[in-house]
Amino acid sequence: MKSTQLMALPLALAVMLSGCGGQATSADMASTATEVQAEAQREAADNLTETETTDASAEETAVKSAFSLTREDLAIDETISDDANESHAIIVDGATESYHNIEVTKTGDADGDEADFYGTNAAVYATNGATLDLADVIVTSGGTHANAVFSYGEGTTLNISHSIIETTGNCSGGIMVTGGGTINATDLAVHTTGNSSAAIRSDRGGGTQNVTGGTYQTDGTGSPVIYSTADVYVTDATLTSTSSQGVVVEGKNSVTLTDVDLTASNTSKNSDKSSWYQAVMIYQSMSGDAAEGEASFTMDGGSLTNLNGDIFFVNNTVATINLTNADIVNDDSEGVFLRAAAAGWGNEGSNGGHVTINASNQNINGDLVVDGVSELNLYLSDGSTMTGAVNANNAGKVYVELKGGSTWKLTGDSYITSLTCDAGAIDLNGYTLYVDGVAYEAGSASTGSAIEFTLPTGGGMGGAPDGMGGPGGEPPAKPGE
């Protein structure tokens, strides 16, 4: 850009001089030429700086929206391998250590409980209050119950950044916590292909996982991108499941997604306990792997694209779903937005889903189904919109509250227990809304009360005792792990 502007300088100078009132001297011409050239150089520099800044901003945006990390991006200085059963390539026990620019490979198998509860056979393993820092590493695992990167126990912290993780065996997660461990992961490329192999995985005793940036993909049956019996926080990442749910939350645990792009294609099952497919499942298996209590799923910004079945399924637990300005799309025209219903977990007759949805500045498209042993409190605020039928089967208890300019457009007759709304908040669209058995009058305001939930308790029809699958890496009774 600088050279182009300087080439135009003689023409600009000629035009400028020809417009003068008298004849210019050679000194005048030289002085004027110097001034014009200086001005052109200043403009060129300004334009070049602006262009460089724009290019840099565009490049930064591209990196955030299409993160990729390949082996060619990492300088590997050393390879650490382990092919024994029930062992580790790297173990840090109660110490502080760091590894950079290495490749870790792991084969060899282990049984379910020891590997999945306590980390036996993990490729990289930190325990007993250790602090382990990993950067620019590649971890590949090919064994059964051979999780890639594992943090076990209270006070144990594993930090990993700018790294690649690949697992191919069944029951082999990408990054995993149990027993109260912590993992902080930044800009990872994680890919698992085995069954029951969540990319972001946890089990008995839970812990905390903080994930920032990166790509996480799962291809196996029973392998959601996130299986949470922990507190999982993910920001600015891309999550993709090609066979299982995108996210599963079990028991008194949580998943929080902030500016995350999640695509789920749940097309296979590893359990006959449910006949539905979904992008996000929240439940309690009663296997003992997750404490009983209220589960939560939070999504702030970002996108959720579901390719098969329902968006949300809640079963045998109390759950809160918080949604704020997230782009949620169901590409399956036969799927619903929410299904709160009994399935094969818990005690028959009391194993439904008890759900609170808090939607702020949120668009909801699709029906909300609540069966006879399930309940729903739906709060729409800050200009949220809902298009769909609620409890069209007239089975469960439902409370709907519309505030802050929020609206609801019906696409079918709906049956709710109680309603709070301003006048004009509901577009019946030719259908009937029944509130406690009485048809709602179009354009009227209403004041109602929320449903009080009772937490399902007891064992009943739980999953496999280990919660993670039988011998030889067979798919487990749980839907996700």
Side chain to side chain, [X] and [Y], heavy atoms closer than 4.5 Å:
X    : Y    : result
V92  : T127 : no
H145 : E114 : no
V280 : L304 : yes
T140 : K106 : no
S285 : E250 : yes
Y216 : T240 : no
N330 : N365 : no

*Any chance the side chains of D133 and S98 put a donor and an acceptor closer than 3.5 Å?*
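There is no such pair between these side chains.
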
*Side-chain donor-acceptor pair under 3.5 Å between H100 and D136, yes or no?*
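Short answer, no.
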
Look up atom [atom1] in [X] and atom [atom2] in [Y], then write down how far apart they are to the nearest 0.5 Å.
X    : Y    : atom1 : atom2 : answer
D367 : S414 : CG    : OG    : 7.5 Å
N306 : Q278 : CG    : CD    : 8.5 Å
N270 : N170 : CG    : CG    : 10.5 Å
I364 : L378 : CD1   : CG    : 5.5 Å
N195 : S244 : CG    : OG    : 8.0 Å

*With sequence neighbours left out, what residues match F297 under ring pair (Phe, Tyr, Trp, His ring centres under 6.0 Å)?*
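With sequence neighbours excluded, F297 shows a ring pair (Phe, Tyr, Trp, His ring centres under 6.0 Å) to F312, given in chain and number order.
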
*In chain order, what residues pass the ring pair (Phe, Tyr, Trp, His ring centres under 6.0 Å) check against Y415, with sequence neighbours excluded?*
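By the ring pair (Phe, Tyr, Trp, His ring centres under 6.0 Å) rule, Y415 matches Y434.
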
_Residue pair D371, R339: steps toward the salt bridge (charged side-chain N to carboxylate O under 4.0 Å, His left out) verdict_ = CA-CA 8 Å; D371 76 1; R339 188 181 303 278; over 6 Å; no

Using modelled atom types and a 3.5 Å cut-off, is there a donor and acceptor pairing between side-chain atoms of [X] and backbone atoms of [Y]?
X    : Y    : answer
T193 : T218 : no
E401 : N377 : no
N147 : A123 : no
T167 : S172 : yes
D116 : D113 : no
N316 : Q284 : yes
S196 : C171 : no
N101 : D77  : no
N315 : G353 : no
N85  : D109 : yes

*Above 12 or not: heavy atoms from other molecules or residues under 6.0 Å from CG of D111?*
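12 or below, so no.
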
Looking at [options], which hits side-chain contact (heavy atoms from CB on, under 4.5 Å) with [X]?
X    : options                : value
F150 : V124, N121, V177, T178 : T178
L158 : T182, V149, T131       : V149
I321 : N358, V249, T356, I282 : I282
V390 : V370, L433, V398       : V398

*asked:* Between Y379 and Y399, is the ring centroid distance below 6.0 Å?
replied: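 Yes: the rings meet the under 6.0 Å criterion.
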
*Which word best sums up how the rings of Y125 and H88 line up, parallel for under 30°, tilted for 30 to 60°, or perpendicular for over 60°?*
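Geometry flag for H88 against Y125: parallel rings.
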
